[in-house]
Chemist: 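My questions all concern the structure below.
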Number of protein chains: 2
Amino acid sequence: MDLNNIPKPTESELEILQILWLHGPSSVRFVNEKLNEEREVGYTTTLKLMQIMVDKGLALRNTESRTHIYQAAVSEADTQKRLLQKFVDTTFRGSAMKLVMQALGNHQASPEELDEIKALIEKMESGGDDN
Amino acid sequence: MDLNNIPKPTESELEILQILWLHGPSSVRFVNEKLNEEREVGYTTTLKLMQIMVDKGLALRNTESRTHIYQAAVSEADTQKRLLQKFVDTTFRGSAMKLVMQALGNHQASPEELDEIKALIEKMESGGDDN
DNA sequence: AATGATATACGAAGAGTTTCGTAAAAGCAA
DNA sequence: TTGCTTTTACGAAACTCTTCGTATATCATT
């Protein structure tokens, strides 16, 4: 696959990335077991997906030992940012604020979390040009 | 398609829904022209998609005149809510607050918008159970 | 060495999505 | 009526994603 220019991960690939981000470099077996805590997936299915991810540049693998070790090749924060951008565009016509309001309204937040958000807003309102 | 139990719209279907939500009941030609403001799409491609959307229950159509008129069969708010829920789960491991923080950080908001959010937070902090 | 377990490689089937060519029907204009 | 345009209907190709069967290689155990 094209070095540089890494594509958007699919649903299944994102699930695997979540595991790699959370647990660090992992074997296919480990990832497959984690996936199977959520839903049934065959071992070779997971293997194939992870091989494709390497091909796409979403993951790297170390083939020194017989059991190959895979790791994420894209960062969680960057990926979230990219996917969020696209999601805001397609689902909220680019209005991040509408999304924020929806998210705040739908999900209940703890007082601590709300304070965190308020703090961020304060910061944005004071030094409110850059970023 | 199954009445009731309407599936999640695909990317292309969502694009079309956006147009229908924004402009109300529309002909295939109109929708196709709007789509072509963004990217090149053939007329029959748009037609086929819209027919499928009727089949899935995502859209309704009036066939009284020769030019059929389509309208969204699902509301914008409900759809956004559904898609947001799924997006939070898959991309932010269920943490709506992380998503909110990201969205606030990435996109610049006007003071008015920030105030709106603050107002919502105040409301949540006072009467903070229901909703 | 032989057996069994575990790993990767390969390829292809099946489902869903997107695209569009072609045909048929309906309306319009000369 | 005869053609030209617009519209819908139909079906299939192209593409992507997911899944898994089968083959092959590697390792450990006896």
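Residue numbers start from 1 in every chain, and the chains themselves are labelled A, B, ... in the order their sequence lines are given, proteins ahead of strands.
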Chemist: Hey, which of these two, A:Tyr43 or A:Arg66, hits DNA chain D nearer its 5' end, going by closest nucleotide?
Modeler: A:Tyr43
Chemist: Looking across every strand, which nucleic acid part, if any, lies under 4.0 Å from A:Thr45 by heavy atom: base, sugar-phosphate, or nothing?
Modeler: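 Base, at least one base heavy atom under 4.0 Å.
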Chemist: Measuring from atom OG1 of A:Thr10 to atom CD of A:Glu13, what distance do you get when rounded to the nearest 0.5 angstrom?
Modeler: 3.5 Å
Chemist: Would you grab the first and last nucleotide of DNA chain D (5' to 3') that comes under 4.0 Å of any non-hydrogen atom in chain A?
Modeler: D:dC17 to D:dC27
Chemist: Going from CZ on A:Arg93 to CH2 on B:Trp21, what distance comes out if it is rounded to the nearest 0.5 angstrom?
Modeler: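 CH2 of B:Trp21 is found 7.5 Å from CZ of A:Arg93.
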Chemist: What closest approach, in Å, do B:Gly57 and B:Ala73 show between heavy atoms, and which atom pair accounts for it?
Modeler: O-CB, 3.4 Å
Chemist: What's the CZ-C1' distance between A:Arg61 and C:dA7, to the nearest Å?
Modeler: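 It is 12 Å, rounded to the nearest whole Å.
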Chemist: Using a 4.0 Å heavy-atom cut-off, does A:Ser12 contact any base of the nucleic acid, only the sugar-phosphate backbone, or nothing at all?
Modeler: sugar-phosphate
Chemist: Would one find a side-chain N or O of A:Gln51 under 4.0 angstrom from OP1 or OP2 of C:dT8?
Modeler: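 For C:dT8, OP1/OP2 do not have a side-chain N/O of A:Gln51 under 4.0 Å.
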Chemist: I'd like to check the side-chain contact (heavy atoms from CB on, under 4.5 Å) partners of B:Pro25; sequence neighbours left out, ordered by chain and number.
Modeler: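 Counting only residues at least two positions away or on another chain, B:Pro25 forms a side-chain contact (heavy atoms from CB on, under 4.5 Å) with B:Ile69, B:Gln71.
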Chemist: DNA chain C: A:Thr44 or B:Ile52, which has the more 5' nearest nucleotide?
Modeler: A:Thr44
Chemist: When you compare the side chains of B:Glu40 and B:Asn36, does any donor N or O come within less than 3.5 Å of an acceptor on the partner?
Modeler: no
Chemist: Let me know the distance between CG of B:Leu49 and P of C:dT17, rounded to the nearest Å.
Modeler: 10 Å
Chemist: When the distance from CE of B:Met50 to P of C:dC20 is rounded to whole Å, what number comes out?
Modeler: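 From B:Met50 CE to C:dC20 P: 17 Å.
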Chemist: By nearest heavy atom, map A:Glu40 and B:Leu47 onto DNA chain D; which one lands nearer the 5' end?
Modeler: B:Leu47
Chemist: Does a nitrogen or oxygen in the side chain of A:Arg29 sit under 4.0 Å from OP1 or OP2 of C:dT6?
Modeler: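 For A:Arg29, the contact criterion (side-chain N or O under 4.0 Å from OP1 or OP2 of C:dT6) is not met.
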Chemist: Linking I/L/V/M/F/W/Y whenever their side-chain heavy atoms sit closer than 4.5 Å, directly or via other members, would A:Ile52 and A:Phe30 fall into one cluster?
Modeler: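 No, because A:Ile52 and A:Phe30 fall into different hydrophobic clusters, even though each may have its own neighbours under 4.5 Å.
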